[in-house]
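Structure first, then comments.
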Amino acid sequence: MAPLPSCPAQLGITTPPPLNCFLSALIIALPSILFRRHSPTFLLCGPSSTLLRHRRSSMALHRSKPSLLIILLLLIALVVPSAATSAALVGVNYGRVGDNLPPSETVPRLLASIGVGRVRLYDADTAVLRAFANTGVELVVGMPDRCLPPVAADPAEALAWACAHVQAFVPAVKIVAVTVGNEVLTGANASGLAHCIVPAMENLHGALASLGLDRDVAVTSAHSLAVLATPSYPPSGAVFRPDLLPYVRPLLAFHGRTGSPFFVNAYPYFAYVSDPSGVALEYALLDQGSAAFNDPATGLRYGNLLHAQVDAVYHAIAAAASPSSKGGGVEVRVSETGWPSAGDANETGATPENAARYNGNLMRLVAGQKGTPLVPGTPLRAYVFALFNENQKAGPSSERNYGLFKPDGTPAYQLVGVSMHQGSNNTSTSTDGIGGDGDGEASTTGPDGESGFFSISAASPDWQYRAATSAAIAGASVFLKLL
């Protein structure tokens, strides 16, 4: 066996700017500064650490108001929310199966412009991870399917992977989870990989624990709804396929023991396109006011198909989990969901208008931070598929048209009822319909010549910054008057 590679402390990733270190030091020292006549000595972090010593003074505290104001204003930088670190529970899948996509270093700025602070990747590419360093964006990185057999067979392989793709980048890159494979149990290579998924997850979790990262980085996997033996109607009747139970039960036990979520790729679009006469379009598009139905076994009322699909997984988990395990309490999160804006002639409903309605409704649904009818106390979390149209994806035309954006950064369509920001312009306009011709050509350039992007957060980063700054300044003024 080849020797394990060392876990490098950095791979060309810079540490946070010295100003952040300075502000952090000020926070630590602030109580002493405010409530003592003599300021303490404290250490600034950075390459050239310097001891700052304050001279003793008999000046009364109220004579230091200007200095205190400067300190408090500096602290605003830590109080205001970051545009890249969103409190919204919605994320986006960043796939790269295309030959015309923008450079990865431009993507964090694009994400910040639409208020997205959570991203799911399908691998752990070094260049992409470097691009997200010091941005505050939460990343779910992927272990490709091909890595599962060696990682499952040898804990040393798991440690090597964790060192190279996780420890080498944290904390500058905010990696919060690793998905071990994608739709392994139902994919083309299921017969050869299904038995690897849980051992690979166990070994990776053990490797992260040995590195002291298991509490910060969750280990999970993403699954298709094809793991269910029955459709999502009614949700209470859903169970896992019997042939998959030997793999699913230990998987649920792992999730229950480690507290990691169960990821599912849930697409109401597929349910609609397979039975357009039996599934109402409004119900699949998550439209408010669409005809709802009651689950006859539970009496729960479902107003949209995504909630029904997620609760179907919850019911299947409850049915499969052994009484002695904690698997029945596993949280379900949506790792992929979306609607294509174009498709082949036989792909019913794949239009810019429907894509705009679905993704706009999804974002508002998730922004409400409410759960499903079955689990109302657990806010629904979801990742939109996808950030870009990817021209090299195989399959029908719809597969290449799930993106919120075209590769040139212009919107693929305008989201219904969601504000659009014009680059760095602070103004936004609310819309109740589809803008332009569906090709994202209309109203996409701001005063600086930059593309306009959708805001899918409750408030734009610019508004959040201005509001928080004003509040901090007002609070500082009141505080100083009381001194």
Item to check | Any residue meeting ring-ring contact (aromatic ring centres under 6.0 Å, His included) with F385, in chain and number order, not counting sequence neighbours | outcome: Y402
Taking distance alone, no hydrogens or angles, what donor-acceptor pairs closer than 3.5 Å link side-chain atoms of residues 275-285 to residues at least two apart or in another chain?
residue	atom	partner	partner atom	Å
D275	OD1	S277	OG	3.4
D275	OD1	G278	N	3.1

Checklist outcome for this item: E336 meets the salt bridge (charged side-chain N to carboxylate O under 4.0 Å, His left out) criterion, sequence neighbours left out, with R120
Checklist entry - Looking at residues at least two apart in the chain, or sitting in another chain, which of them share a side chain to side chain contact (heavy atoms under 4.5 Å, CB included) with T258? => result H205, F254, S260
Next on the checklist: Test of understanding: with ring-ring contact (aromatic ring centres under 6.0 Å, His included), list the residues that count as partners of H307, not counting sequence neighbours.
Outcome noted: none
Item to check | Contacts of H165 that satisfy ring-ring contact (aromatic ring centres under 6.0 Å, His included) - sequence neighbours left out | outcome: W161
Item to check | Inter- and intrachain pairs under salt bridge (charged side-chain N to carboxylate O under 4.0 Å, His left out), touching residues 210-225, at least two apart | outcome: none
Next on the checklist: Just to verify, what does D123 make a salt bridge (charged side-chain N to carboxylate O under 4.0 Å, His left out) with, not counting sequence neighbours?
Outcome noted: R96
Next on the checklist: For residues 334-354, which residue pairs pass the ring-ring contact (aromatic ring centres under 6.0 Å, His included) check, not counting sequence neighbours?
Outcome noted: Y269-W339, W339-Y358
Item to check | All pairs passing side chain to side chain donor-acceptor pair (under 3.5 Å) where residues 183-193 contributes a residue, at least two apart | outcome: E183-N265
Checklist entry - Ignoring hydrogens and geometry, is there a side-chain-to-backbone donor-acceptor pair from N93 to V384 under 3.5 Å? => result yes
Next on the checklist: Please check this pair: side chain of R241 against backbone of V227, looking for a donor-acceptor N/O pair closer than 3.5 Å.
Outcome noted: no
Item to check | Set of residues satisfying salt bridge (charged side-chain N to carboxylate O under 4.0 Å, His left out) with respect to E347, sequence neighbours excluded | outcome: none
Checklist entry - Please, which pairs that meet salt bridge (charged side-chain N to carboxylate O under 4.0 Å, His left out) have at least one residue in residues 185-209, sequence neighbours excluded? => result E202-R257
